[in-house]
Amino acid sequence: MNSFDASQFTFASLGASAYTFCMNIATPHLGQARKAHSACPHDCPSTCALEVEIDAEGRMGRVHGAKGNNYTDGVICAKVARYAERLYHPDRLLKPLKRGGAKGAASWMDIGWDDALDEIAEAFTKAEAAHGSEAVWPYFYAGTMGLVQRDSIDRLRHAKGYSGFFGTICVNPAWTGFAMGTGALRGVDPREMAKSDCIVIWGTNAVATQVNVMTHAMKARKQNGAKIVVIDVYETPTMKQADMKLRLRPGTDAALACAAMHIAFRDGYADRAYLEKYTDDPAGLEVHLKSRTPEWAAEITGLGVDEIETFARLVGQTQKTYFRLGYGFTRSRTGTLSMHAALCLPTVLGVWQHEGGGAFHSNADIFGMDTGLIKGASYRDDGVRVLDQSQVGRVLTGDAEALRHGPPVTAMLIQNTNPVNIAPEQRLVKKGFQREDLFVAVHEQFMTETAELADIVLPATMFVEHDDIYRGGGQSHILLGPKIIEPPESVRTNLFVIEELAKRLGVADKAGFGMSERELIASVLRPGELEQLDREHWIDRQVPFEEAHYLNGFAHADGKFRFSPDWTGFRAGTRPPESVGVLGPARDLPAFPDFVPLVEAADEEHPFRLATSPARNFLNSTFAETKTSREKEGRPEVMISAHDAQKLGVDTGDIVQIGNQRGELRLHARVTDEARTGVLIAEGLWPNKAHLDGEGINVLTGADCVAPYGGAALHDNRVWLKKA
């Protein structure tokens, strides 16, 4: 191995001939410009169907939404449209590297693929010999949503008995809250929005994070004169396009929903015949809501009584009201409650009965895809401990409860995620990754801040360079993402890494190993469907109207919607195994939809609430490396209301210090009327090093569990702020 300084490594440093070789690799269509079909691989509910321009030299050009797909409808976000900027980025990782100095010192040596994989396998074997197989923790998430390249790491995990992985950073409160009501994760076809007369976009900045929601909402406005209502904690780009804007305090959505239901019963908007047929206890709910008046909700939410009354009247008088419920408002300690309460409102109104009416959050349950072979489910041992993704900082710093009172984690393989940047309690996370006794291998496309603390870094393919299959949680299509460009010669797929480690670790004879991407793709599909995808590029799994609208009954055993759910008995949504049990303050969850003060409330020492909302040009930590996205976002800033700024003597551009019990950091202020008084917004996710002191916004976020089945409350933080 030769000494290598990663700070000097770029595509350009390879030399002109090598650069040309890597970028202009031959493809089956070399010499002929074409368009190829694919699917967006990123962690976004839209899962857009794509048409990718490939030039005569085999290089990726502009990316377009597929017009033939009636959900994508030709529209994609700008960051994916310019994906070639990522694919051909001069800082893309191109060869395996081994740490040559202290962790984080950016001193790297070249290492061959075989030697790198040998070292990883040897480190895993040593960890297992010293502390048992649970000392190894394969760690991954949603950097790609492809079922093969994302989930094959679980096959290695189960084959070896390595520590389990409970993914909690994203969906848990939302999925749990929705399924507690309906019994299933499915809802009204999002394409029905075009037939709606009112669309409520609740807790999602769709312009930035789910652009196709706006495509169909705008169709409804143009064709039907539909009203668009947006509910959020600040004036997002989506809210700027709304007819009605409800800007409430973070974590108080359940209070708004309860007050709107109170008005529905009070003013005759509640569909009593529907409630009697389809719900569990409408009489009990009505009694419970008697005291949940608009005045009560106004005090909690910060909304005006008139705003609440006007909202309730609009949705109460509009049968074709479509409630599009997002993820953002559930990333709070009240997230599960907020989702369930918001879902109860369309049920009280009975709008499920009408085309263009009802509610939708995710279609996760409709696809019927068995990923057991990909994940190695047949040899999973439920006795192996399961560790919480969001508590990686606690796990790696020896917290006994986070470790489930088991052995330390001393070896990790990380794919598709960047926990040093995206995980809460960032100081603990960095401290854990800096342990000299912790071996870490990172398989990545760029030298992320997690990769910088690794022992071995492996270069990974991008979505156009491998075969995979995707399912659209925010819509209803299964989409094929075929390999349409050859990767650089020294870059490898996630599947390759898993397969090669399986050989070295003695489990390659188990079911699922030794199969190609296409064989694994075929294993999750019905007979003949892979060939159908080759021809048609996607398959629509939308369930029939009656099932989507629950007109044959909801998915609980008695067919009833649950206003009063069994919070700890019904294992809804994504959840930990039985061995982990209930998480968070589940004893405080109410019998009926309600606001319960579980949020990290502001106090005298911490007078502000902070939400860490997504920026339009980033997607989690992805795209933060591309020049265009960084230029469009500018720099890390905290949004503060003009009222609060005046009290503190802060102007736009001033450097402010912001902190809480977890830490503090400095960044620039942006004074704006988009933020409400008492609420701060830090859009991201910026790399830690982009901040003034090299520490990112997740210094301030907590990793305590959202009740009852976990989740990260990333938008629920109390902080102080002062001019630096």
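A cation-pi arrangement is found for R59 relative to Y88, the charged atom lying closer than 6.0 Å to the ring centre and inside a 45° cone about the ring normal. Figure legend: cation-pi geometry between R92 and F446 absent, as NZ or CZ is not positioned both under 6.0 Å from the six-membered ring centre and within 45° of its axis.
Inspection of the N494 and R150 side chains reveals no N or O donor paired with an N or O acceptor under 3.5 Å. Inspection of the T204 and Q210 side chains reveals an N or O donor paired with an N or O acceptor under 3.5 Å.
Ring geometry for F140 against F165 counts as tilted: the plane angle lies between 30° and 60°, on a 0 to 90° scale. Ring geometry, F496 versus W113: the interplanar angle exceeds 60°, so the pair is classed perpendicular (tilted spans 30 to 60°).
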Going through the distances and angles, do D110 and K95 end up as a salt bridge (charged side-chain N to carboxylate O under 4.0 Å, His left out)?
CA-CA 7 Å; D110 295 355; K95 53 185 175 180; 3.4 Å; yes
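Salt bridge absent: E465 and K483 never bring a charged side-chain N and a carboxylate O closer than 4.0 Å. Comment: R34 does not engage D55 in a salt bridge, judged by the lack of any side-chain N to carboxylate O separation of less than 4.0 angstrom. Residues R518 and D468 are not paired through a salt bridge, judged by the lack of any N-O separation under 4.0 Å between the basic side chain and the carboxylate.
Under the side chain to side chain donor-acceptor pair (under 3.5 Å) criterion, S38 pairs with no residue, sequence neighbours left out. Residues passing the side chain to side chain donor-acceptor pair (under 3.5 Å) test with R99, sequence neighbours excluded: D455.
Looking at every heavy atom in both residues, Y327 comes nearest to P45 through CE1-CG, 3.8 Å. The heavy-atom pair separating L714 from T612 by the smallest distance is O-OG1, 2.9 Å.
No more than 12 heavy-atom neighbours from other residues, nucleotides or ligands sit within 6.0 angstrom of CG on D673.
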